[in-house]
Amino acid sequence: MSANHRGPTPQEGQSSFIAGPMAALGHWLDRNILEMGREMRLSYLPPLMIYVAYGIQGLTAIVGTFFVKDYLGLPASFLAALAFWAGIPWVLKMPLGHLVDLIWRYKAGLVYLGASMLTGSLLIMLGLLAEREAMAAVMPVEAWYVLGALLAPTGYVIQDVVADAMTVEAVPRVDADGQPIDRARLKLMHTTMQTLGRIAIIGGGVLVSLANIYLFAGVEAMSEAEKVATYILIYEMALAIPVISVLGVALASFIKHRDLRRLVAKGLEETDARARLERPAQITKPNWWILGGSLAFVVFTLGMGLTDVPYNQEIIFVGSMAIVLFLMSRLLRVLDAEARLYLLGTAIIIFVFRAMPGPGAGQTWWMIDELAFDQQFLSVLSLIGSTLALAGLFIFRRFMAEHSIAHVVVFLTLLTSLFYLPIVGMYFGLHHWTAAVTGGIVDARFIAIVDTALESPLGQVAMVPMLAWIANSAPDNLKATFFAVMASFSNLALSAGQLGTKYLNEIFLVTREVKDPISGMVSVPADYSQLGDLMIAALAIGFILPLTAVALVKVTRLRSA
């Protein structure tokens with residue numbers, strides 16, 4: 001063989017063997033992570049700030065869990081019912097979304113209203129912790145807690161519906177020179193915006209987990225008074241949440257005026273510059289079916305909720321579902337036949353996937369009492385979950401873009417069911433066996449950390465393709481309405497899941513020990529004997545029903561986005 005045709009040397013072959021995977025890894029990092037950074041725009045920040053504020057709400061979640069467990073004698077079934085009521089405001093995203101379309105110029109006022117409600121909820125919890133006796137003199141502590149628990153989601157849903165609309169406005173229609181951006185580029189920008197929205201929510205959760213780990217350091221050695229002081233500090237910090245969302249609205253106004261001045265400086269008339277920057281001047285007429293149906297929904301829900309009619313929650317759910325489906329049918333008329341099939345198929349799959357019941361608060365109580373998971377360790381689990389959920393949006397970015405919702409839901413159902421098995425196994429002593437075999441390494445905390453690490457990247461994946469489809473395909477003058485319709489429908493699914501959780505907790509009774517904070521006497525004894533059956537039932541339901549829904553969509557004319 002001539003010198004010009006010699007084969008690769010062993011050193012060259014080894015370099016090639018290493019360079020191939022490294023080049024592939026570099027290409028993957030560029031497509032899934034670095035590309036996101038290159039696509040980031042300042043105009044994306046305002047809605048992202050509102051989403052971050054929503055993500056930070058978890059700052060008080062662990063405190064709330066221990067407050068309810070240690071100071072309130074509320075059973076798991078009542079808490080599941082309260083979660084049902086807390087989910088009802090999210091169903092109101094439909095009329096709120098249409099309202100945003102109608103008053104597009106004045107949507108900032110809704111953010112201020114939501115911020116006021118959030119502040120009220122946080123101040124209630126601060127009062128219960130710092131001035132419990134004074135609060136109890138006005139009305140029962142449990143009533144204050146319920147009021148705070150309902151104010152918070154109402155404030156968040158008002159802000160969230162505005163943020164959804166702002167994601168459409170955040171994607172520019174023209175480049176820096178005022179020239180229109182092509183449709184393919186717009187589609188990519190909408191997908192990026194929706195992905196960044198999920199990242200902002202989870203990123204807020206990461207910040208919260210880091211704060212909780214720091215604040216709960218050494219919690220096992222704290223006195224009860226020191227724990228309460230830490231709880232109060234956390235709620236005081238949480239008062240920054242409504243401030244962040246309000247600043248997001250202020251930044252949006254600044255960016256809008258900056259872009260207008262830039263185009264005027266390039267020689268455009270102000271009216272022409274405004275026309276290029278703002279949404280097309282389409283008149284959004286009030287859809288009285290949506291507004292009237294939503295009014296009927298509110299009257300119906302409150303009327304049933306304030307009465308003692310048996311099964312009022314079930315009646316509310318069925319009535320709400322009927323109203324929402326009717327309103328969806330009216331709104332779907334503006335889509336062509338193929339788009340309707342895609343939207344309906346996607347809605348059914350997402351609804352069933354999100355409507356699956358869970359084990360409820362009893363599982364967390366059991367982890368606290370039996371597995372000795374304290375506040376700091378739960379914060380560590382939250383940090384792992386939030387961080388890896390964030391990573392999952394990058395890891396599965398191409399997977400979400402290249403596969404239908406049906407494929408995504410099947411994938412998520414199989415993996416989440418598989419990853420829940422170790423938690424169920426620990427109830428039956430799995431951690432004792434693994435600790436004995438591994439010399440104490442693979443104990444309950446080790447299993448919980450690994451399981452959280454495996455399951456967390458899956459949590460936010462299902463929603464992104466649907467949101468991107470709406471942003472890119474819905475009629476331009478009804479973007480907020482379509483976002484709200486699908487959100488109302490999918491959040492109604494969460495209410496169905498809470499009803500299912502309540503039923504499971506009524507069938508399989510789980511109680512934790514409740515002591516009087518003054519006398520120390522036990523008013524409710526702990527009983528986790530039926531928790532195993534509860535967890536198995538939740539696992540089986542969550543595995544079977546989503547796969548059945550996907551199969552039904554596949555055998556019909558429906559499609560999934």
Side-chain angles (χ1 to χ4, degrees), residues 61-84 142 145 149 216 219-220 224 227 356-382 385 416-436 440 442-452 455 497-517 519-543:
I62 291 176
V63 175
T65 297
F66 278 83
F67 177 80
V68 171
K69 177 182 178 295
D70 295 337
Y71 299 108
L72 297 180
L74 302 175
S77 58
F78 179 87
L79 293 175
L82 179 59
F84 169 84
E142 290 79 7
Y145 176 76
F216 285 124
V219 67
E220 66 279 354
E224 196 63 31
K227 290 180 182 178
M356 293 303 94
Q363 179 176 294
T364 305
W365 297 340
W366 166 74
M367 288 180 171
I368 294 170
D369 289 343
E370 301 297 326
L371 302 182
F373 289 2
D374 56 27
Q375 292 94 327
Q376 187 183 41
F377 183 70
L378 290 177
S379 299
V380 170
L381 289 181
S382 177
T416 52
S417 298
L418 177 65
F419 295 153
Y420 187 54
L421 287 174
I423 303 299
V424 177
M426 283 201 293
Y427 177 83
F428 296 99
L430 174 66
H431 55 296
H432 297 306
W433 178 77
T434 55
V442 185
D443 59 3
R445 294 195 173 200
F446 183 95
I447 292 174
I449 288 174
V450 172
D451 189 72
T452 300
E455 185 177 4
Q498 292 298 337
L499 278 179
T501 300
K502 185 188 78 167
Y503 297 150
L504 289 179
N505 277 272
E506 289 176 348
I507 297 171
F508 306 103
L509 187 62
V510 177
T511 60
R512 86 290 193 195
E513 183 179 273
V514 177
K515 292 182 179 180
D516 185 279
S519 66
M521 294 183 61
V522 176
S523 57
V524 180
D527 182 6
Y528 299 113
S529 59
Q530 298 186 55
L531 179 61
D533 295 333
L534 171 61
M535 296 164 76
I536 292 172
L539 172 64
I541 294 171
F543 177 76

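The shown structure was predicted, so the numbers you read here are calculated from the model rather than taken from an experiment.
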In this structure, CG of D443 is separated from OG1 of T434 (nearest 0.5 Å) by 7.5 Å
| message | Is any side-chain heavy atom of Y145 closer than 4.5 Å to one of E142? | response | no
**Asked** For G360, does its backbone N or O pair with a side-chain atom of T501 as donor and acceptor, under 3.5 Å?
**Response** no
Between the CD1 atom in I541 and the OH atom in Y503, the distance rounded to the nearest 0.5 Å is 12.0 Å
- Got L534 and Q363 here, is their nearest side-chain heavy-atom distance under 4.5 Å? no
_Measuring only between side-chain heavy atoms, which start at C-beta, is D369 closer than 4.5 Å to Y528?_
yes
OG1 of T511 to CG of L531, rounded to nearest 0.5 Å, is 11.0 Å
Legend entry - Exam field: side chain R445 to backbone L371, donor-acceptor pair closer than 3.5 Å: no
- W366 versus M426: any side-chain heavy-atom pair under 4.5 Å? yes
Check your understanding: Considering only heavy atoms from C-beta outward, does the side chain of Y427 approach that of P359 to under 4.5 Å?
Key -> no
Closest heavy-atom pair, P357 versus G500, reported as atoms and distance to 0.1 Å, is CB-C, 3.5 Å
**Asked** Does CZ belonging to F373 count more than 12 external heavy atoms closer than 6.0 Å?
**Response** yes
Heavy-atom closest pair (F428 atom, G532 atom, distance to 0.1 Å) is CZ-CA, 4.0 Å
Heavy-atom closest pair (A537 atom, F508 atom, distance to 0.1 Å) is CB-CE1, 4.0 Å
On a heavy-atom basis, the closest approach of Q530 and I507 is OE1-O, 3.5 Å
Rounded to the nearest 0.5 angstrom, the CE-CG distance for M535 and L504 is 12.5 Å
Between P422 and I447, the two heavy atoms sitting closest are CB-CG2, 3.8 Å
